[in-house]
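One structure is given here, and the rest of the page talks about it.
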Amino acid sequence: MKGIYPAQRSDFEAITTVWEASVRATHHFLQDADIRALRPLVREQYLPMVELRVYRDEQQNIVGFLGVADNRLEMLFVAPQVFGLGIGKQLLRFAIEQMNVTELDVNEQNPQALGFYQHQGFVITGRSPLDGQGNPFPLLHLRYAP
């Protein structure tokens, strides 16, 4: 059945593939080298650090995922082929309602994601000039304020 499920370590490669496809479709400010450098970090370091949920389609393929740590949404990515089908919204609702998410950061240079989160009830509370790796990709800090 399609829906949201806890992720297993055996899902990490499929999750990373979704991450890469989504980033390539939405994070146009990143160079190919940036994405290639981030990919092993995502798979080996970042995924194990968060509580993961995956969205599986009717064929049980992973087409979206989220990661939460300490009431913060640390990652939410959806495969480009399912953009606009409500999977991101379902994942975010799950994170808010089941995992008590109240905060997240979004790349300032990703206006599509910012608009999505604002439409779902998040408001900007601050800005950092650097991303989590110290790169010059500004982050906007958001808090859930329905």
Side-chain angles (χ1 to χ4, degrees), residues 1-126 128 131-133 135 137 139-146:
M1 270 176 62
K2 70 178 180 177
I4 299 170
Y5 298 94
Q8 308 300 318
R9 193 160 190 75
S10 59
D11 295 327
F12 281 14
E13 187 58 35
I15 291 169
T16 305
T17 298
V18 168
W19 170 85
E20 182 175 352
S22 183
V23 165
R24 288 187 183 281
T26 59
H27 291 57
H28 304 293
F29 55 93
L30 292 176
Q31 301 296 313
D32 182 62
D34 297 322
I35 296 169
R36 283 196 323 262
L38 280 169
R39 192 180 205 286
L41 294 174
V42 168
R43 190 182 193 292
E44 302 303 326
Q45 292 181 28
Y46 303 156
L47 295 181
M49 294 174 58
V50 295
E51 188 175 347
L52 286 166
R53 296 291 185 275
V54 295
Y55 188 97
R56 293 184 181 276
D57 66 12
E58 294 84 357
Q59 290 77 39
Q60 293 300 296
N61 296 312
I62 295 171
V63 294
F65 73 96
L66 63 81
V68 173
D70 300 323
N71 297 53
R72 288 184 56 81
L73 183 68
E74 297 291 347
M75 50 185 80
L76 189 158
F77 292 93
V78 175
Q81 69 267 25
V82 296
F83 282 179
L85 299 182
I87 292 170
K89 183 177 180 179
Q90 287 179 58
L91 285 165
L92 184 59
R93 289 278 118 217
F94 184 91
I96 293 166
E97 295 168 6
Q98 305 297 321
M99 302 174 83
N100 303 309
V101 162
T102 56
E103 299 178 335
L104 60 89
D105 290 340
V106 66
N107 289 101
E108 185 176 69
Q109 296 155 295
N110 188 352
Q112 186 177 0
L114 174 60
F116 168 75
Y117 290 121
Q118 288 176 315
H119 187 71
Q120 301 303 318
F122 284 81
V123 296
I124 298 171
T125 60
S128 296
D131 70 8
Q133 289 79 40
N135 296 312
F137 303 125
L139 293 176
L140 297 174
H141 310 297
L142 282 71
R143 174 173 281 283
Y144 187 57

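Here, residue 1 is the first one in the sequence, and each next residue gets the next number.
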Practice item. Only counting residues at least two apart or in another chain, list the ones meeting side-chain hydrogen bond (donor to acceptor under 3.5 Å, both in side chains) with R93. Key: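 Scan of R93 (side-chain hydrogen bond (donor to acceptor under 3.5 Å, both in side chains), adjacent residues dropped) gives Y144.
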Review point. Does R24 have any side-chain hydrogen bond (donor to acceptor under 3.5 Å, both in side chains) partners at least two apart in sequence or in another chain, and if so, which?
Key: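 Scan of R24 (side-chain hydrogen bond (donor to acceptor under 3.5 Å, both in side chains), adjacent residues dropped) gives E20, D32.
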Please give me the minimum heavy-atom distance between [X] and [Y], naming the atom from each residue.
X	Y	answer
L139	G132	CD1-N, 4.0 Å
I15	A7	CD1-CB, 3.9 Å
Q8	P6	NE2-O, 3.7 Å
V23	L30	CG1-CD1, 3.7 Å
L52	G67	CD2-CA, 4.0 Å
A145	V123	CB-CG2, 4.0 Å

Is there side-chain contact between [X] and [Y], with at least one heavy-atom pair below 4.5 Å?
X	Y	value
M49	E74	no
L92	F122	yes
L47	R9	no
L66	M99	yes
D34	F137	yes
V68	L73	yes
I4	L91	yes
W19	I35	yes

Review point. Around atom CD of Q31, are there more than 12 heavy atoms of other residues, nucleotides or ligands at under 6.0 Å?
Key: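 At most 12 heavy atoms, drawn from other residues, nucleotides or ligands, come within 6.0 Å of this atom.
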Review point. Counting only heavy atoms not in D70, do more than 12 sit closer than 6.0 Å to its CG atom?
Key: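 For D70, atom CG is not crowded (no more than 12 foreign heavy atoms under 6.0 Å).
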Review point. Got a sec, which residues hit ring pair (Phe, Tyr, Trp, His ring centres under 6.0 Å) with F94, two or more places apart in sequence or on another chain?
Key: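 Result, ring pair (Phe, Tyr, Trp, His ring centres under 6.0 Å) vs F94: none returned.
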Less than 3.5 Å apart, which donor and acceptor atoms pair up between the side chains of residues 102-115 and the rest of the protein, not counting sequence neighbours?
{"residue": "E103", "atom": "OE1", "partner": "R72", "partner atom": "NH1", "Å": "3.4"}
{"residue": "E103", "atom": "OE2", "partner": "R143", "partner atom": "NH2", "Å": "2.4"}
{"residue": "D105", "atom": "OD1", "partner": "R72", "partner atom": "NH2", "Å": "3.2"}
{"residue": "D105", "atom": "OD1", "partner": "H141", "partner atom": "ND1", "Å": "2.7"}
{"residue": "D105", "atom": "OD2", "partner": "R72", "partner atom": "NH2", "Å": "2.9"}
{"residue": "E108", "atom": "OE1", "partner": "R127", "partner atom": "NE", "Å": "3.4"}
{"residue": "E108", "atom": "OE1", "partner": "R127", "partner atom": "NH2", "Å": "3.0"}
{"residue": "E108", "atom": "OE2", "partner": "R127", "partner atom": "NE", "Å": "2.7"}
{"residue": "N110", "atom": "OD1", "partner": "A113", "partner atom": "N", "Å": "3.3"}

Let me have the donor-acceptor pairs involving side chains of residues 75-90, under 3.5 Å, with sequence neighbours excluded, atom names and distances please.
none

Practice item. For R43, enumerate each residue passing the side chain to side chain contact (heavy atoms under 4.5 Å, CB included) test, keeping only those at least two apart in sequence or located in another chain. Key: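 F12, E13, T16.
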Review point. At what distance, to the nearest 0.5 angstrom, does CD of Q118 lie from CG of L140?
Key: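 Q118 atom CD to L140 atom CG measures 8.5 Å (nearest 0.5 Å).
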Exercise for review: Hey, could you give me the CD/NZ distance between Q59 and K2, rounded to the nearest 0.5 Å?
Suggested key: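 Nearest 0.5 Å value for the CD-NZ distance: 10.5 Å.
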Review point. Is T26 reaching over with its side chain to a backbone N or O of S22, donor-acceptor style, under 3.5 angstrom?
Key: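 Yes; judged by distance alone, with no hydrogens or angles, the pair exists.
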Check your understanding: How about H27 and F29: are their ring centroids closer than 6.0 Å?
Key ->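 Yes: the rings meet the under 6.0 Å criterion.
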